[in-house]
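Each remark here refers to the structure printed beneath this line.
Because only heavy atoms are used, hydrogens play no part in the values below, and waters and symmetry mates are left out as well, while side chains stay in. Residue numbering restarts at 1 for every chain, and letters A, B, ... go by the order of the sequence lines.
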Protein chains: 2
Amino acid sequence: MDDIDRALVRNLQEDAGRSYAALGAAVGLSAGAAHERVRKLRERGVIRRTTVEVDPAAVGSGVLAYVMVDANAWMGDSAAAFAAIAEIQEAHVIAGSASVLVKVRTATTEQLQDVLRRLYAIDGVSGTQATVVLETFFERPVPL
Amino acid sequence: MDDIDRALVRNLQEDAGRSYAALGAAVGLSAGAAHERVRKLRERGVIRRTTVEVDPAAVGSGVLAYVMVDANAWMGDSAAAFAAIAEIQEAHVIAGSASVLVKVRTATTEQLQDVLRRLYAIDGVSGTQATVVLETFFERPVPL
DNA sequence: ACACCAGGTGGACGACATCGACCGGGCGCT
DNA sequence: AGCGCCCGGTCGATGTCGTCCACCTGGTGT
């Protein structure tokens, strides 16, 4: 994981469709060498997968909210219960007054309310506090 | 934006490296037709870009925190000020007691503290409340 | 000083993206 | 209702690119 690897990852974050020849040229390597390094980055799990960034509003998820979930029980083993709610994009166990922080995307605020209802149905959940996003300044890849 | 488009996007979210032939087969179309639909999805901005998902811990961003930023002024035009802090991965204007919610990734808690210091330096920022993530259950693509 | 090896180069081969010519079915117009 | 237009599809040709391999080189440890 040297500077060249970091440059490769940065390039792929910008555009994963870039050719290995272009990738190599960008970091001063041949196409074959660039290919080999990227292969190893995948193998090591540094690169998890190559995916596509979607405009949430265009696919019917115009409403974004963060929900602090309070609990009266140990939530460490409840990942599956949160994953079962399709509208939840992220779920984290947090330090602080609440127990879990989830990121929710829905089409409407009514559907957001429905997600809150389903959150309450999870074992151990004692309360929620939703924060609705008014405007997203930016969302960008993991920093290097 | 019909069911076929949704299926295509779902497939590309899973693996953007999939061939157009495989993509077409998955939705009952020829490679050419699949290619054309994906091209239009990009053109329309439904697909913003094709990128690579990176393991944050592997690139020196093992600490994740959400920070509620309080302000005593209108923050609507301050996107650039937040974008200038490289460790900030997301920044949203929110409804509620705080003004802005930011997602921060750093290597250490010391660096997190430094980010908080730089947040205070932004015009209009009057306070911060950081929530450190202990464990991430999951992070997944925008739901369809 | 020598041998080993991780990591790089360049070329060959096959697969895949990309484009164009052609086709069919749905919709609006007369 | 009939006609023609056009969006969106299939199929096939072409060139680029990913992928693999054989060979090379510079650094490291004994």
Side-chain angles (χ1 to χ4, degrees), chain A residues 1-62 86 107 139-144, chain B residues 1-62 86 107 139-144:
Chain A
M1 194 69 213
D2 57 2
D3 290 315
I4 294 185
D5 281 333
R6 260 182 291 278
L8 285 172
V9 170
R10 213 183 309 266
N11 269 276
L12 288 175
Q13 279 181 335
E14 281 170 21
D15 178 9
R18 207 159 287 177
S19 81
Y20 284 104
L23 227 52
V27 301
L29 248 55
S30 73
H35 183 262
E36 176 64 11
R37 291 185 87 118
V38 171
R39 194 193 61 74
K40 284 185 182 167
L41 285 168
R42 289 183 195 284
E43 187 180 80
R44 273 185 263 152
V46 177
I47 294 178
R48 290 213 174 113
R49 63 169 162 183
T50 121
T51 184
V52 112
E53 229 182 72
V54 171
D55 177 13
V59 296
S61 293
E139 288 182 287
R140 53 191 182 193
V142 173
L144 295 186
Chain B
M1 195 67 214
D2 57 2
D3 290 315
I4 293 184
D5 281 332
R6 261 182 292 275
L8 285 172
V9 170
R10 212 183 309 264
N11 269 276
L12 288 175
Q13 279 180 335
E14 282 170 21
D15 179 8
R18 205 158 290 176
S19 82
Y20 284 105
L23 227 50
V27 301
L29 248 54
S30 74
H35 184 264
E36 176 64 10
R37 292 185 86 119
V38 171
R39 195 192 60 74
K40 286 185 182 168
L41 285 169
R42 289 183 196 284
E43 187 180 79
R44 274 185 261 151
V46 177
I47 294 177
R48 289 213 175 111
R49 63 170 163 182
T50 121
T51 184
V52 111
E53 230 182 72
V54 171
D55 177 12
V59 296
S61 294
E139 288 182 288
R140 53 191 181 194
V142 173
L144 295 187

Take atom [atom1] of [X] and atom [atom2] of [N], then tell me their distance rounded to the nearest Å.
X        : N       : atom1 : atom2 : value
Leu8(A)  : dG18(D) : CG    : P     : 13 Å
Arg18(A) : dG18(D) : CZ    : P     : 12 Å
Ile4(A)  : dA6(C)  : CD1   : P     : 18 Å
Met1(B)  : dG8(D)  : CE    : P     : 14 Å
Glu36(B) : dC19(C) : CD    : P     : 10 Å
Leu29(A) : dG26(D) : CG    : C1'   : 15 Å
Leu23(B) : dT18(C) : CG    : C1'   : 15 Å

Given [N], is OP1 or OP2 found less than 4.0 Å from the side-chain N or O atoms of [X]?
X        : N       : value
Lys40(A) : dA6(C)  : no
Arg37(B) : dG9(D)  : yes
Arg39(B) : dT18(C) : no
His35(A) : dT19(D) : yes

Of the listed nucleotides (dT10(D), dA17(C), dG18(D)), which one gets closest to any side-chain atom of Tyr20(B)?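 My answer, after comparing the listed nucleotides, is dA17(C).
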Which heavy atom in Gly17(A) sits nearest to a heavy atom in Thr50(B), and how many Å separate them?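 For Gly17(A) and Thr50(B), the tightest heavy-atom pair comes out as N-OG1, 3.8 Å.
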Go through the steps for Arg6(A) and Val59(B) under the test side-chain contact (heavy atoms from CB on, under 4.5 Å), then give the verdict. CA-CA 8 Å; Arg6(A) 260 182 291 278; Val59(B) 296; 5.8 Å; no
State whether the side chain of Gln13(B) and the backbone N or O of Val142(B) hold a donor-acceptor pair below 3.5 Å, judged by distance alone.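 Looks like yes, one N/O pair under 3.5 Å.
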Does the distance from a Lys or Arg side-chain N to an Asp or Glu carboxylate O, for Glu14(B) and Arg10(B), drop under 4.0 Å?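 Result for this pair is no, no salt bridge flagged.
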